[in-house]
Structure formats: structure tokens, C-alpha cells
Amino acid sequence: MAELLDAALDANEIDLVESFNSPLPLRLVCELIGVPTADMLLFRKWSAAIVRGVDPDYLLSPQEITARYEAEEAFERYFEVLAEDRRVHHRGDLLSDLVAARENNDVLSDHELHEIGAMLMIAGHETTVNALGTMLIALHRNPRQLELLKTDPDLVPAVVEEALRYDPPIQFTSRVALQDRELDGRTFERGDGIILMVGAANRDPAAFPDPDTFEIARYVDRPRSAPRHLTFSNGPHRCLGAQLARMEMDIALRALLVRAPHLELLTDEPPYRDLYLFRGPLRLPVRMRP
Ligand code: HEM
């Protein structure tokens, strides 16, 4: 991270998404899984095609649909080769452990192994890059909250939590009803697909008074009793990387406060990525000043 910040500070005016928010989680997740960082750019291209490709097909152009299938195949082929290497050499990374689990217990098929690798790469990068961006935008648009934070860096965990609630990087998730059920006056039949709007739930006034206000006091001194946002979803499929993501956001924000205390966003309306499920800025032009 220090290396990324050094380069960003040298450049003075930069796109923070390109220079910091994206490479930080991407490098971390590459290291965790055991993907050589030299291949990072390939992954960015493939995962960009997939995050667009998970939006409903009727919103996609024929080229975007083709790019999604090509990226899925590219991921599969890439992890085939990498897993083969881990069969021969245990390199102390997550992929080596997954391959060992496959070899010893036969609990995973080859296809599942490759899918897990690809999913971790995408889930571990495409969300956190957006979360860092939306957190910085929220602070920029709420200067009094930013001033509070600058006077007391112990507020960082509360800022992270409120940023996750206020502008979640994933807007919805889905489930299939396992049985007939009536909920809030609606009937769901077994097998019905259900879209759960996380972004809307996080702004429910019954759970969060004055929900459209970015208010870090919601999460100060009450990590257990504060209302829980649904940004990481809930139940058996709750985000596996929630704690890692919080830690990344916490460390990145503290580093920015120390190394670039006069960080200045150069626009109030940064362009957002043209996506439906994932949400975050496409670019974040900033002036970095130590
Ligand atoms: C701010 C960052 C992140 C957000 C907002 C986020 C959000 C989510 C959401 C909403 C789900 C879907 C859960 C569901 O359908 O119930 C999910 C699943 C998942 N996430 Fe994250 N995530 C983040 C970071 C990460 C990181 C850093 C990793 C790992 C390196 C990760 C790994 C996963 C995995 C493996 C799943 C699938 C869990 C399953 O299906 O059992 N996520 N995440």
C-alpha cells in the first residue's frame, strides 16, 4: 500500500480508482489465492466483463454477452493451469490448500475448484474497489463528518460501517423460495425467484432513523447494538470476505488520512460504472497533498 501511495503522491492529480482503490484489493486477493501479480491486468479485464455480465441479459449488448462467456472460459483455463502447478508444488496459498482438499478428500470437482478461484478473485476485488470509492465520495459530500474523522481517527471503524450502509457496492442479491410462504401480505410459492434489494433495506427508516443522512454516530461506541445493514447479506450465503473487506477499508482510510490528509476530490459528481448489480465510481479524480 505504501508503494501505491508513494506513486499517487508523486503524481499529485490522479484517478484514485486506477491508482489506489483498484490495485489495492486486487493485489491482496491475488496474494491470498496465489495468483501472480503480473497477471493482474488480465484479471481486471475478465472480471470487468463478468460483473457487467451478471446484470440481466436484456440490459446487455450482444458484445457484452460474448465478452462474459469469453471471460468465464478464460478464468476456467487460467485456473486449470494454476491448479495443475499446485498439484505438483504446495506454495502455501489458498489455491494450494483447495487443490490439496480436492486431492485428499475428493470434495471438489475440478470445475468447482476453478469456479471458486474465479469467484474469489471477482468477489474479493470488484466489491472493495467500489466500497473504497463510495466511502470517499460520502465523506467528500459530508464535510462535517470528514472533519469529525480528522479530529478523531478512532472513528474510522464507524465511518467504514456507515459507508457500507449508506452506499453499498452490491445493490441486491437473490434467493429461491424453498417453501410456500406469506410475507408482508405477499405470497411466495416454492421455487419462486426473489430479488432482495440490499440498497433499499439499508435505507429503511424503521431500522435507520433519517436514513438518507450519512451519520457516523450511528456506529460509534455501539458495534453490537447498532442496527445491522445488509450490505454483506445474511444467512448461509453471507459474504465470506466481510471481515477482510472491513479491514481493507479501515487500513486504506487510515493510510489516506495520514499520508494524504488534504486529499481533495476534484468533482462532486464522479462518473459511476455502467452497472446494475455492482455500484461504484468509474473514476475518482483527486488532488493528493501530503
Ligand atoms: C465491501 C466489500 C464486499 C461486499 C459489499 C460484499 C458483498 C457480498 C454479498 C452481498 C454477497 C452475496 C451474499 C448473498 O447472496 O447472500 C457476497 C458473497 C460472497 N463474498 Fe463478498 N463482499 C465484499 C468483499 C468480499 C471479499 C473481500 C471477499 C473475499 C476475498 C468476498 C467473498 C465472497 C464470497 C466467496 C461470497 C459467496 C458466499 C456464498 O455464496 O456462500 N467478498 N459478498
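First listed ligand is number 1; within each ligand, the first listed atom is number 1.
By the 4.0 Å N-to-carboxylate-O rule, Arg86 lies too far from Asp97 to be salt-bridged with it. Using a 4.0 Å cut-off between a side-chain N of Lys or Arg and a carboxylate O of Asp or Glu, Arg77 and Glu73 qualify as a salt bridge. Salt-bridge annotation for Asp110 and Arg87: present, with a side-chain N of the basic residue lying under 4.0 Å from a carboxylate O of the acidic one. One finds a salt bridge joining Arg27 and Glu3 here, because a Lys/Arg side-chain nitrogen approaches an Asp/Glu carboxylate oxygen to under 4.0 Å.
Of the protein's non-hydrogen atoms, Ile170 CD1, 4.1 Å is the one closest to atom 9 (C) of ligand 1. Here the protein heavy atom with the shortest distance to atom 27 (C) of ligand 1 is Gly124 CA, 3.6 Å. From the protein, the heavy atom lying nearest to atom 25 (C) of ligand 1 is Ala123 O, 3.3 Å. Of the protein's non-hydrogen atoms, the one nearest atom 4 (C) of ligand 1 is Phe232 CE2, 3.5 Å. With hydrogens left out, the protein atom closest to atom 41 (O) of ligand 1 is His237 ND1, 3.1 Å, a heavy atom. At the top of the distance list for atom 7 (C) of ligand 1, counting protein heavy atoms only, stands Thr231 O, 3.6 Å. The single protein non-hydrogen atom nearest to atom 36 (C) of ligand 1 is Leu240 N, 4.1 Å, given as residue, atom name and distance. Of the protein's heavy atoms, Ser233 OG, 3.2 Å lies nearest to atom 14 (C) of ligand 1.
Arg283 forms no cation-pi arrangement with Tyr272, by the criterion of a distance under 6.0 Å to the ring centre and an angle within 45° of the ring axis. A cation-pi geometry, defined here as NZ or CZ lying under 6.0 Å from the six-membered ring centre and within 45° of its normal, holds between Arg165 and Phe208.
Numbered from 1 in the order shown, with element, the atoms of ligand 1 that lie under 4.0 Å from a heavy atom of Ala245 read 1 (C), 2 (C), 24 (C). Near Ala131, meaning under 4.0 Å from one of its heavy atoms, ligand 1 places the atoms 1 (C).
Using a 4.0 angstrom heavy-atom cutoff, Arg175 counts as in contact with ligand 1. Under the 4.0 angstrom criterion for non-hydrogen atoms, Pro169 is in contact with ligand 1.
No hydrogens or angles considered: nothing links the side chains of His89 and Ser96 as a donor-acceptor pair under 3.5 Å.
When the options Leu196, Leu230, Thr127 are ranked by their closest heavy atom to atom 24 (C) of ligand 1, first place goes to Thr127.
Separation of atoms CZ (Arg102) and OG (Ser109) is listed at 6.5 Å; rounding is to 0.5 Å. Distance check, rounded to the nearest 0.5 Å: CE of Met121 to CG of Asp39 gives 9.0 Å.
In terms of polar-atom proximity, Ser174 is not counted as a contact of ligand 1, lacking any N or O under 3.5 Å from an N or O of the ligand.
With a 4.0 Å heavy-atom cut-off, ligand 1 is reached by the backbone of Cys239 and by its side chain too.
With respect to Glu126, the salt bridge (charged side-chain N to carboxylate O under 4.0 Å, His left out) criterion is satisfied by exactly one of Arg52, Arg273, Arg279, Arg44: Arg273.
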